[in-house]
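Quick note: numbers below take in every heavy atom, side chains included, and nothing from hydrogens, waters or symmetry partners. Quick note: residue numbers are just sequence positions, from 1.
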Amino acid sequence: MTAPILELKAIDVFYGPIQALKQVSMHINPGETVSLIGSNGAGKSTLLMSIFGQPRIAAGQIFYQGTDIGQKSSHYIASNGIAQSPEGRRVFPDMSVEENLMMGTIPIGDKYAGDDMQRMFDLFPRLKERRNQRAMTMSGGEQQMLAIARALMSRPKLLLLDEPSLGLAPIVVKQIFATLRELAKSGMTIFLVEQNANHALKLSDRAYVMVNGQIRLSGTGQELLSNDDVRNAYLGGH
């Protein structure tokens, strides 16, 4: 049996006196797409950020490829094959598309930058059209494409995505998830935090449901799509 690429064991996270995550355990196997769904404020983004050490876990362990990274620096984590496309996109507004993509190579250097940039333009043709345009002048959907492409420029073994559909028109959300499906088919390991449970569960091999900082349910994407409690809470009963 293949060892997980990422494993969280009973992690606790606090913001001051407030406990945001309580005894969270989960795992992701190589090549899987795993999603974490839950309502706004459930702790989903906190969990994703804690993998990168911001915030630090107060208890428990985070193993990446067998190494405990729970107290490692964010730079160490990024340099060893984890990349994050953050909530709210956070592109560099005054930089061009190409310059933003080059920022994604910082953890690994620019040895593959030319080839990888072309790969990003193949994956997101809109970025090729906008390659010299400043990021701040692009639409929200284009900025989301850029944020994902920038993360991929570090050639990650594990891609973390935080709310990629947030604030986007339905047609753009479909485009983003179609691209994520291509990445998943290529063998990329993806951990997706997403409020749009319908899109997330359809994409995912497995998924976890978070309620008030705790994992309350897990299963295959299809099992959770068919679960009455999940349907009523996150899919509008459909």
Side-chain angles (χ1 to χ4, degrees), residues 3-30 32-74 76-78 80-88 90 158-166 189-201 203-236:
I5 189 170
L6 184 76
E7 187 170 16
L8 278 59
K9 292 188 173 183
I11 69 167
D12 291 339
V13 171
F14 289 82
Y15 289 116
I18 307 298
Q19 187 164 6
L21 299 179
K22 305 166 192 171
Q23 294 289 291
V24 173
S25 296
M26 57 166 291
H27 72 278
I28 301 171
N29 296 315
E32 272 192 316
T33 296
V34 174
S35 64
L36 179 67
I37 65 169
S39 59
N40 196 25
K44 305 185 305 296
S45 291
T46 296
L47 187 148
L48 206 65
M49 292 188 297
S50 71
I51 295 169
F52 255 92
Q54 297 175 340
R56 288 255 179 244
I57 58 173
Q61 294 172 297
I62 301 175
F63 289 98
Y64 169 65
Q65 292 188 319
T67 298
D68 188 347
I69 62 168
Q71 302 302 323
K72 298 285 191 184
S73 70
S74 298
Y76 172 92
I77 293 164
N80 281 272
I82 302 180
Q84 182 176 12
S85 175
E87 182 181 0
R90 298 188 201 171
L158 172 62
L159 177 63
L160 310 180
L161 297 165
D162 196 353
E163 303 283 9
S165 77
L166 191 66
T189 307
I190 298 172
F191 182 34
L192 170 67
V193 163
E194 179 58 67
Q195 264 187 280
N196 190 323
N198 188 43
H199 276 295
L201 294 176
L203 177 71
S204 298
D205 299 301
R206 291 187 304 109
Y208 295 86
V209 179
M210 178 166 273
V211 180
N212 295 330
Q214 296 177 295
I215 299 294
R216 292 287 174 84
L217 201 60
S218 65
T220 67
Q222 199 56 52
E223 285 169 351
L224 295 187
L225 272 172
S226 305
N227 181 290
D228 286 342
D229 291 337
V230 172
R231 286 156 68 94
N232 289 328
Y234 307 110
L235 301 170

Between T33 and D205, is there a donor-acceptor pair closer than 3.5 Å when you use the side chain of the first and the backbone of the second? no
Let's go through L6 and T189 carefully: what are the C-alpha distance in whole Å and the side-chain angles of both, what is the deciding distance for side-chain contact (heavy atoms from CB on, under 4.5 Å) to 0.1 Å, and is it a yes or a no? CA-CA 10 Å; L6 184 76; T189 307; over 6 Å; no
Considering all heavy atoms of both residues, which atom of S25 and which atom of A10 are nearest to each other, and what is their separation? OG-N, 2.8 Å
With a 3.5 Å distance limit and no angle check, can you tell me whether Y64 reaches the backbone of L158 through a side-chain donor-acceptor pair? no
Scanning both residues in full, the closest heavy-atom pair of M26 with V34 reads CE-CG1, 4.5 Å
Side chains of S218 and R206: does their closest heavy-atom pair fall under 4.5 Å? no
Just how far is it from atom CZ of R90 to atom OG of S85, taken to the nearest 0.5 Å? 10.0 Å
For residues 57-74, which residue pairs qualify under salt bridge (Lys or Arg N to Asp or Glu O under 4.0 Å), counting only residues two or more places apart or in two chains? none
Rounded at 0.5 Å granularity, tell me how far CD in Q195 sits from CD1 in I37. 10.5 Å
Side-chain contact, heavy-atom cut-off 4.5 Å: L192 with L159? no
If you round to the nearest 0.5 Å, how far is CD of Q65 from CG of N80? 8.0 Å
Minimum heavy-atom separation for S204 and S35, please, with both atom names. OG-OG, 3.0 Å
Evaluate the side-chain contact (heavy atoms from CB on, under 4.5 Å) criterion for residues V24 and M210: first the C-alpha distance (whole Å), next the side-chain angles of each, then the deciding distance (0.1 Å), finally the verdict. CA-CA 9 Å; V24 173; M210 178 166 273; 3.9 Å; yes
Has K44 got a side-chain atom pairing as donor or acceptor with V209's backbone, closer than 3.5 angstrom? no
Among pairs that include at least one residue of residues 46-58, which meet side chain to side chain donor-acceptor pair (under 3.5 Å), considering only residues two or more places apart or in two chains? Y15-T46
Partners passing ring-ring contact (aromatic ring centres under 6.0 Å, His included) against H27 (at least two apart in sequence or in another chain): none
Would you compute the distance between atom OH of Y234 and atom CG of N227 and round it to the nearest 0.5 angstrom? 10.5 Å
S73 side chain to Y76 main-chain N or O, any donor-acceptor pair under 3.5 Å? yes
Among L47, I57, I215, L8, exactly one meets side-chain contact (heavy atoms from CB on, under 4.5 Å) together with L21. Which residue is that? L47
Can you see whether E163 engages S45 through a side-chain donor-acceptor pair at a distance of less than 3.5 angstrom? no
Rounded to the nearest 0.5 Å, how far does CG of L201 lie from CG of N196? 9.0 Å
Within a strict 4.5 Å, meaning less than it, do heavy atoms of the Q23 and D12 side chains meet? yes
Within 6.0 angstrom of Q71 CD, more than 12 heavy atoms from elsewhere: yes
Out of curiosity, L48 CG to L161 CG, how far, rounded to the nearest 0.5 Å? 8.0 Å
